[in-house]
Amino acid sequence: MEEPLEEVSGVVEEVTFRNDENGFCVIVLSDGDSFFNVVGVLPDLSEGERVRLRGTWGFHSTFGRQFRAQLCERTMPSSSADLLRYLSAGAVKGIGPSTAKKIIDRFGEQSFDVLENQPERLAEIKGISLKKAKEISRIFNEQFAVRQIMISLERFGMTPNECLEAYKLYGANAVDYITANPYILCSDMIGIGFERADAIASALPEPPSSSFRINAGIVHIIKYNLRNGHTCLPRRKVLIPAKELLKADEDTLEQTIDSLIESGQLEREIINEKEFLFLPQIYQAEKSAAQRLLVMKKFPPAGSQTTLADIEIIEKKENIHYEEKQREAILTAMNTGMLILTGGPGTGKTTTVNGILKLFEQDSIDVALAAPTGRAAKRMSEITGKEAKTIHRLLEVEWDKHDRPVFSRNARNPISAGAVIVDELSMVDALLFASLLDALPLGCRLILVGDSDQLPAVGAGNVLHDLIDSGIMPLVELKEVFRQAMKSRIVTNAHRIVSGQMPELHDTKNDFFFMKRSSAYETAKTVCELCTKRLPDAYGYSSVSDIQILCPSRKGETGTLSLNKTLQKIINPPSPDKQEVISGSRVFREGDKVMQIKNNYNIIWTKDDEEGTGIFNGDIGIIKKIDRLNSYLAVWFDDKEAVYSFENLNELEHAYAMTVHKSQGNEFEAVIIPVMGVVRQLCYRNLLYTAVTRAKKLMIMVGSEDMIKEMVNNNTKTLRYSGLKHFLLNGDG
């Protein structure tokens, strides 16, 4: 269950902060006995108003305890003192403190009735002409109408923020528009889902036109499939679920799709003689990314050509020897300014990247290093000795008036770098890739590094594979496993898996082990024993910081949900010395290992004397403190501490065990994989390969050899519909 909402009421004493763009306010509320801060989307509140608020108590690292309002009911001030404070605060344009006092002195508690219904009486006050009186009344009634609209919208079950966005979009007619067509709420500006819009529609006295529902339903199907990684869908793949969802005939659906294309709500593209449908934003992202890359290829950066002799100088200086493919990669990066570098573990990607870096520095080229996640960026810093940033941080993420992330660095304000090297490209989705390319200055070199056999990005798009398949950028694939790496069974088995061979499971003298078990129960039991006792005892590993259990699935006895509950009981059991808090079906406890499961650009973190915002999907940390009185907890993420209010706990989950998908971009000292009862849709080769390549020093598989064999033999790649390759091969499309 969600954190229960509490209720407070009182008079607004002061509005200390207001963001007119998104309606976010900080106010001081008096409940008659005390004063306290309230934060939330509280548009148009003014001093002297009496409000009833529902929300939760929370804690801000700078401002302390505060009430986080989610719902707000307002009433006009009634006492003369509250009326005076309200009008003096400038709530009504044209009335300042002096005029406010005159109005209250003259009309007392009838002041609002005069302002609303008897404006000519204001002219009885010295200094207010009849013309000015009517103007003051007009402004008052206009503002009062806004309040009534907001209150009416809240009756649809909309949050204050959604109400404000609706009012901004549709103005005084917002209620009429929504009553006529509640599906307009599904726009990106407001963000209400199709199901909620359906619920609002069914609660209306007069049902809206079915055409509105069909329009929204078709867009919803394409939007929903972004979550499955598709940037577009074949027209036929939209029609089939649309028939089921909307109970409409095919002719009606076909006509609706044509209408949506004509109005610009959908984009169409013929790809391989088949019609595909896109949402406009992702269509523009893939198309602009392709155009940018084509321009970069057409106009390569200027500079002297690097030769093999230059590489040999680096080899002598660093006492290393590059293999032929590594030399090819370095020369390509230097002389063309564009490169995709791929290869599995142990093939020398890191050594190659460091060689490219040294030559860039030798040529006085300013290099920016970036990766999609914080952990991947940290690892990139460790292996290069240079600062690496997340792509979001490199592009200086900010928020627009709808509280959506936007990047300060773009075509008008490019990053200041002569070369950009991006690691873990397989994790980068289409929208982020387009934003990165948009921010590159003219003549900037671009080096993209990744493993094409790993799982694709969580977000929509198939960037790495589309780039490789298009042939638009020079590609160097490192295949030779270095002799030193060959000593690791983790490395050799990863390469066996990716080539369709069974891993060597019965070599008990290396870093890769298999433990056969006959049931899910026995598999789960062994996994937990390994994590909590056997590996810590044998290797001195920490169950929390060194060992990571990676599961193909969330469900079942060997899934993350079940294993996390069991592991928490063993590793971090209840104690009088540890605070805990319940969120839904989960108990969070001081000392728990947790993971952020969605990007949140607003969470505040501190690091030494530095403060910033933003914790990202996949970040792993430890709960250091739970403050139940002030309703917050503090999580330590590698090198920084983030503060969560209890209302944000739905963005955290336990991370003793995590899915393979969530582990991308991370490496762990020891990895344990349960391979038993893997559901068919997750039983495939590159999922197993991705899991194995997350281990640095020790890999243990527990379960069924037949299940491992089934995964190795299934080379079905996750099908993703995308347009980047098409746009790259067809210029402007």
Item to complete: Taking the side chain as every heavy atom from C-beta outward, state whether Thr231 and Leu724 have any pair of such atoms under 4.5 Å apart.
Response: no
Worksheet item: Would one find more than 12 heavy atoms of other residues, nucleotides or ligands at under 6.0 Å from atom CG of Asp249?
Response: yes
Discussion item. Run the salt bridge (Lys or Arg N to Asp or Glu O under 4.0 Å) test against Lys247 and tell me which residues pass, sequence neighbours left out.
Written reply: Glu244
Discussion item. Under a 3.5 Å distance rule, please check whether Ser583 uses its side chain to pair with a backbone N or O of Arg586 as donor and acceptor.
Written reply: no
Worksheet item: Taking the side chain as C-beta and beyond, is there a heavy-atom pair between Ser408 and Leu395 under 4.5 Å?
Response: no
Item to complete: Verify the ring-centre separation between His654 and Phe588: is it less than 6.0 angstrom?
Response: yes
Item to complete: Please answer whether the main-chain N or O of Tyr656 pairs with a side-chain N or O of Asn564 as donor and acceptor at a distance below 3.5 Å.
Response: yes
Item to complete: Keeping the roles fixed (side chain from Arg409, backbone from Ser435), state whether a donor-acceptor pair exists under 3.5 Å.
Response: no
Worksheet entry | Main-chain N/O of Leu432 paired to His392 side chain as donor or acceptor, under 3.5 Å | no
Discussion item. Looking at Gly461, is its backbone amide N or carbonyl O close enough to the side chain of Arg720 to form a donor-acceptor pair, meaning the two atoms are under 3.5 Å apart?
Written reply: yes
Worksheet, complete the sentence: Sorted by chain and residue number, the side chain to side chain contact (heavy atoms under 4.5 Å, CB included) partners of Arg196 (sequence neighbours excluded) come out as Glu162, Ile192
Worksheet item: Got Val175 and Tyr170 here, is their nearest side-chain heavy-atom distance under 4.5 Å?
Response: no
Worksheet item: Do Glu396 and Glu398 have side-chain heavy atoms sitting under 4.5 Å apart?
Response: no
Worksheet item: Residues in side chain to side chain contact (heavy atoms under 4.5 Å, CB included) with Arg268, at least two apart?
Response: Ile261, Ile270, Glu275, Leu277
Worksheet item: Taking side chain as C-beta onward, heavy atoms only, is Met427 less than 4.5 Å from Val458?
Response: no
Discussion item. Main chain of Gly559, side chain of Ser562: is a donor-acceptor contact present, judged purely on distance under 3.5 Å?
Written reply: no
Discussion item. Under a 3.5 Å distance rule, please check whether Thr560 uses its side chain to pair with a backbone N or O of Thr659 as donor and acceptor.
Written reply: no
Discussion item. For His230, give me all partners under ring pair (Phe, Tyr, Trp, His ring centres under 6.0 Å), at least two apart in sequence or on another chain.
Written reply: Tyr721
Fill in: Listed once per pair and sorted, the ring-ring contact (aromatic ring centres under 6.0 Å, His included) pairs that draw on residues 178-199, sequence neighbours left out
Tyr183-Phe194, Phe194-His220
Discussion item. Quick check against the 3.5 Å criterion: does Arg694 have a side-chain atom that pairs as donor or acceptor with the backbone of Asn666?
Written reply: yes
Could you go through residues 677-684 and list every donor-acceptor pair under 3.5 Å that involves a side-chain atom there, pairing it with any protein atom two or more places apart or in another chain?
none

Item to complete: Identify, with sequence neighbours excluded, every residue that meets side-chain hydrogen bond (donor to acceptor under 3.5 Å, both in side chains) alongside Thr390.
Response: none
Worksheet item: Hey, is NZ on Lys565 packed in by over 12 heavy atoms from elsewhere, all under 6.0 Å?
Response: no
Worksheet item: For the residue pair Ala248 and Ile214, what are the closest heavy atoms and their distance?
Response: CB-CD1, 4.0 Å
Worksheet, complete the sentence: Taken in chain and number order and not counting sequence neighbours, the residues that satisfy salt bridge (Lys or Arg N to Asp or Glu O under 4.0 Å) with Arg292 are none
Worksheet item: Could you give the distance from CG (Asn730) to NE2 (His726), rounded to the nearest 0.5 Å?
Response: 4.5 Å
Fill in: Note: Lys725-Glu286 ion pair, threshold 4.0 Å (strictly below)
no
Worksheet entry | Distance-only donor-acceptor check, side chains Gln454 and Thr690, under 3.5 Å | no
Item to complete: Answer with yes or no whether the side chains of Asp176 and Thr179 bring together a donor and an acceptor at under 3.5 Å.
Response: no
Worksheet, complete the sentence: Between Ile603 and Val643 the two heavy atoms that sit nearest each other are CG2-O, 3.7 Å
Practice prompt. Taking Arg235 for its side chain and Ile257 for its backbone only, find out whether a donor-acceptor pair lies under 3.5 Å.
Written response: no
Fill in: Non-hydrogen atoms of Asn462 and Ser722 that approach each other most closely
CB-OG, 3.7 Å
Discussion item. Just to verify, what does Gln265 make a side chain to side chain contact (heavy atoms under 4.5 Å, CB included) with, not counting sequence neighbours?
Written reply: Leu260, Ser263
Item to complete: Look up atom CZ in Phe637 and atom CE in Met595, then write down how far apart they are to the nearest 0.5 Å.
Response: 10.5 Å
Worksheet entry | Closest non-hydrogen atom pair, Asn686 against Asp453 | CB-O, 3.0 Å
Worksheet item: Between Phe727 and Phe278, how do the two ring planes meet: parallel, tilted or perpendicular, split at 30° and 60°?
Response: tilted
Fill in: Side-chain touch Ser426/Pro456, heavy atoms, less than 4.5 angstrom
no
Worksheet item: Can you find a heavy atom in the side chain of Lys593 that is under 4.5 Å from one in the side chain of Ile623?
Response: no
Fill in: Side-chain heavy atoms of Glu653 within contact of Arg554, under 4.5 Å
yes
Item to complete: Step through the shown structure and confirm whether more than 12 heavy atoms of other residues, nucleotides or ligands are within 6.0 Å of NZ on Lys237.
Response: no
Item to complete: Look only at the side chain of Asn410 and the backbone of Asn413, and say whether a donor-acceptor pair between them is shorter than 3.5 Å.
Response: yes
Discussion item. Looking at Tyr177, I'd like to know if its OH atom is crowded, meaning that more than 12 non-hydrogen atoms belonging to other residues, nucleotides or ligands lie closer than 6.0 Å.
Written reply: no
Fill in: Donor on one side chain, acceptor on other, Glu269 and Tyr283, under 3.5 Å
yes
Fill in: Qualifying residues under salt bridge (Lys or Arg N to Asp or Glu O under 4.0 Å), relative to Lys243, sequence neighbours excluded
Glu250
Practice prompt. Using the test side-chain hydrogen bond (donor to acceptor under 3.5 Å, both in side chains), find all partners of Asp429 that sit at least two apart in sequence or belong to another chain.
Written response: none
Worksheet item: Among all residues two or more places apart in sequence or in another chain, which pass the salt bridge (Lys or Arg N to Asp or Glu O under 4.0 Å) test with Arg393?
Response: Glu387
Discussion item. Atom CD of residue position Gln281 - does it have more than 12 heavy atoms of other residues, nucleotides or ligands inside 6.0 Å?
Written reply: no
Practice prompt. Using only heavy-atom distances, determine whether the side chains of Glu424 and Gln664 contain a donor-acceptor pair under 3.5 Å.
Written response: no
Practice prompt. Have a look at Ile178 and tell me which of Ile190, Leu204, Leu185 forms a side chain to side chain contact (heavy atoms under 4.5 Å, CB included) with it.
Written response: Leu185
